[in-house]
Amino acid sequence: MADVTRRIGLSLGADLCWPVCFEEIVKRCDYQLRLDGDTIRFEVERLTIEPFDLSQPCRYDVVVDRLTHWYHLSREWIKKAVIQDGLYVFNNPWSLQSMEKQTTYCAMMRLGLPIPATWLVPPKEYEPSADLNPTLTRYARMFDLGEVGAKLGYPMYMKPYDGGGWVGVSRIENEDALRAAYEQSGKHVMHLQRAVEGFTSFVRCVGVGPQIRFVSYDPGAPLHDRYRIAEDFLSADDASVLEDVTLVINAFFGWDFNSCEALKDDTGWRPIDFANPCPDSQVTSLHWHFPWLVSAIVRWALYCAARRRPMRMNLEWKPFFDIAERDLPYRERLAAYADIARERFSKDDFEDFCACYLGDLDQIVWDFFASDAARCAIRDKVAALYPTEEVDGFTEVFWSRVQQWRQDHVPVGRT
């Protein structure tokens, strides 16, 4: 029997609001869990960027990472810590190639998910290099962009194969618009993807471990209104399909924290954008949904740290592909994939752990989001994004939506 401290590291970039909330909630919890004969406590620290010895020990049990997808030094430290020290990290750093949408589209097509028809086209321009001209002269083939567009069909979307946040995305209605957009695409390698027309619902599914949040999404609204304030807007069958799709994608690529966008048309749910393993986590866009996200990250981080969850370094796609080879109806095949995903996320054990040890977390989160500390975290994020003259107004907008969440989610036993 021993007193043990599990350390959770936050690997951060521009994030402001959710880390403050995460830290304060864990501090307020002050858990001392009796687990396997030991007393487990938790500490939270923010990772710093500095030189490191490849053999230096890692002091963390879990790292919530928001830098691996773009910052090389942090990525290499995390890879070293996983290999040498058994660190568990959100998300698997070796899935970086999968964060480029090309891999995710190809993989989910292989599994039989109804991904819209998609083409990849060469870039309009190239970065000069010594081997560029010989390579293009020998192997590049002239192509008719209009012919590609005709084969794919209009309307379509042009978007960078490795992009995110709607950067560089264009809706294309006809050949003239396709050629004009391509002329402006520069050095980006672009996907052309057939639009899903006549869709009746657009949902963003946020996954944190085995926890899924369905968000009704309006991409045409201003950023602070895209996430609609709505709950229980899906039928049980639709929710089941989207949960399975999200869990399968996240488990397949080793993503503890990812979001999946899907559209519903007359054929069912069609995933369109699901390589988002550094998803939007800011109160300035999530607002009413923000407390759920923070509490979900807290739950999964505490669970992974307490259980010393082992990192799955090999993504192990073969079990999924074996199911794909079977002659199963789509819904049965998806459910079989999801069984693998739930096992990989230890869903049953996670839920038992939360029920046994984290029964008061909802109350702590609910109380925290009425506090001055929560309001300050919201204001700091607003001040980082909005002009000075708009800070007070938008702080009140987001604060009032968080308070609406509290009214809508009063813990059992509170009035």
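Just so it is clear, the model here is predicted, and its values are computed rather than measured.
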[Y] six-ring centre to [X] NZ/CZ under 6.0 Å and within 45° of normal:
X	Y	value
Arg204	Phe214	no
Arg6	Phe42	no
Arg401	Trp288	no

Would you confirm whether Tyr303, through its side chain, and Asp349, through its main-chain N or O, come within 3.5 Å as a donor-acceptor pair?
no
Return yes if some donor-acceptor pair links the side-chain N/O of Asn276 with the main-chain N/O of Pro279 below 3.5 Å, else return no.
no
Are [X] and [Y], when compared by the centres of their aromatic rings, separated by less than 6.0 Å?
X	Y	result
Phe252	Trp317	yes
His191	Tyr105	yes
Phe202	Tyr217	yes
Phe350	Trp300	yes

Any idea which heavy atoms bring [X] and [Y] closest together, and the distance?
X	Y	value
Pro277	Asn91	O-ND2, 2.8 Å
Glu173	Ala177	N-CB, 4.2 Å
Asn258	Phe274	ND2-O, 3.1 Å
Cys17	Ser281	SG-O, 4.3 Å

In Å and rounded to the nearest 0.5 Å, what is the [atom1] to [atom2] distance from [X] to [Y]?
X	Y	atom1	atom2	result
Thr48	Trp77	OG1	CH2	9.0 Å
Lys381	Ser285	NZ	OG	8.5 Å
Leu315	Phe320	CG	CZ	10.0 Å
Leu35	Arg307	CG	CZ	5.0 Å

Does a sphere of radius 6.0 Å around [atom1] in [X] hold more than 12 heavy atoms from other residues, nucleotides or ligands, not counting ones at 6.0 Å or beyond?
X	atom1	result
His409	NE2	yes
Lys318	NZ	no
Glu45	CD	yes
Lys124	NZ	no
Asp372	CG	no

Got [X] and [Y] here, is their nearest side-chain heavy-atom distance under 4.5 Å?
X	Y	result
Tyr60	Ile8	no
Pro291	Trp366	no
Val203	Glu261	no
Met190	Pro123	no
Trp94	Asn314	no

Electrostatic pair [X]-[Y], nearest N-O below 4.0 angstrom:
X	Y	value
Asp362	Arg299	yes
Arg333	Glu325	no
Glu76	Lys80	no
Asp238	Lys264	yes
Arg379	Glu396	no

Would Asn92 and Phe253 count as a side-chain contact (heavy atoms from CB on, under 4.5 Å) here? Give the steps.
CA-CA 8 Å; Asn92 190 308; Phe253 293 109; over 6 Å; no
Does any donor atom in the side chain of [X] or [Y] lie under 3.5 Å from an acceptor atom in the other side chain?
X	Y	result
Tyr227	Asp218	no
Gln282	Asp15	yes
Ser346	Arg309	yes
Ser240	Asp237	no

